[in-house]
Amino acid sequence: MSFNFKTYRDALAKSKPPVIPYLGIFSKDLLPLEENNPDYVKEGDLQLVNFEKMRLLFRAIAQLYKSTYVQYPFERDPKIRGHLKNLKSIDEKEAYNLSLVAEPRV
């Protein structure tokens, strides 16, 4: 993990969930861990899982999970639930056409 965004990282570590983390930092941490560390290490004739890499990946993902996982004490609203259950789904082409209506290409 780099020391970029140190002030932000310190503030995030002191924050109580729920927080909305900046995902760019997490992807910036995960990408080098994934790309610069092999999945397997060779020890003699054996190919072994690189547990150090897995530990580092877990640590970064666990921090993201910790900052966002909160159960909210919302009460269920039957009107809202009914509305959500009755929403019509659309396919990708229809969604694309609606996006062109909302934001025409120039």
Out of curiosity, does V70 fall in the hydrophobic cluster containing I20 (side-chain heavy atoms, cut-off under 4.5 Å, transitive links)?
no

Contact between I25 and D29 at the side-chain level, heavy atoms closer than 4.5 Å - yes or no?
yes

Parallel, tilted or perpendicular: which one describes the rings of F5 and Y8, with boundaries at 30° and 60°?
perpendicular

Please check: side-chain N/O of K53 versus main-chain N/O of E34, any donor-acceptor pairing under 3.5 Å?
yes

More than 12 non-hydrogen atoms from neighbouring residues, nucleotides or ligands closer than 6.0 Å to CD on E52, yes or no?
yes

Taking C-beta and beyond as the side chain, do R9 and K14 meet within less than 4.5 Å on heavy atoms?
no

Counting C-beta onward and ignoring hydrogens, is there a side-chain heavy-atom pair between D77 and R81 closer than 4.5 Å?
no

Test of understanding: clusters of I, L, V, M, F, W, Y form through side-chain heavy atoms closer than 4.5 Å, transitively. Do L33 and I61 belong to the same one?
yes

Under the criterion side-chain contact (heavy atoms from CB on, under 4.5 Å), I'd like the reasoning laid out for V101 against N97: C-alpha separation, chi angles, the key distance, then a yes or no.
CA-CA 6 Å; V101 171; N97 290 333; 5.8 Å; no

Are Y40 and L48 joined in one hydrophobic group, where the rule is that I, L, V, M, F, W and Y side chains link up if heavy atoms are under 4.5 Å apart?
no

Using a 4.5 Å cut-off on heavy atoms from C-beta on, say whether the side chain of N37 contacts that of L57.
no

Does P38 offer a backbone N or O that forms a donor-acceptor pair with the side chain of N50 under 3.5 Å?
yes

Closest contact, heavy atoms only, G24 versus S27
O-OG, 3.0 Å

Between V19 and S15, which heavy-atom pair has the shortest distance, and what is it?
CG1-CB, 3.7 Å

Are the side chains of D39 and V49 in touch, meaning some heavy atoms are under 4.5 Å apart?
no

Side chain proximity check, P17 to Y69, heavy atoms < 4.5 angstrom:
no

Between the OG atom in S99 and the CD atom in E94, the distance rounded to the nearest 0.5 Å is 11.5 Å

One should read off an interatomic distance between L64 CG and L12 CG, to the nearest 0.5 angstrom, of 9.0 Å

Hey, any chance L30 and Y65 share a hydrophobic cluster, counting ILVMFWY side chains that come within less than 4.5 Å of each other, even indirectly?
no

Take atom CZ of F58 as the centre, draw a 6.0 Å sphere, and report whether it contains more than 12 heavy atoms from other residues, nucleotides or ligands.
no

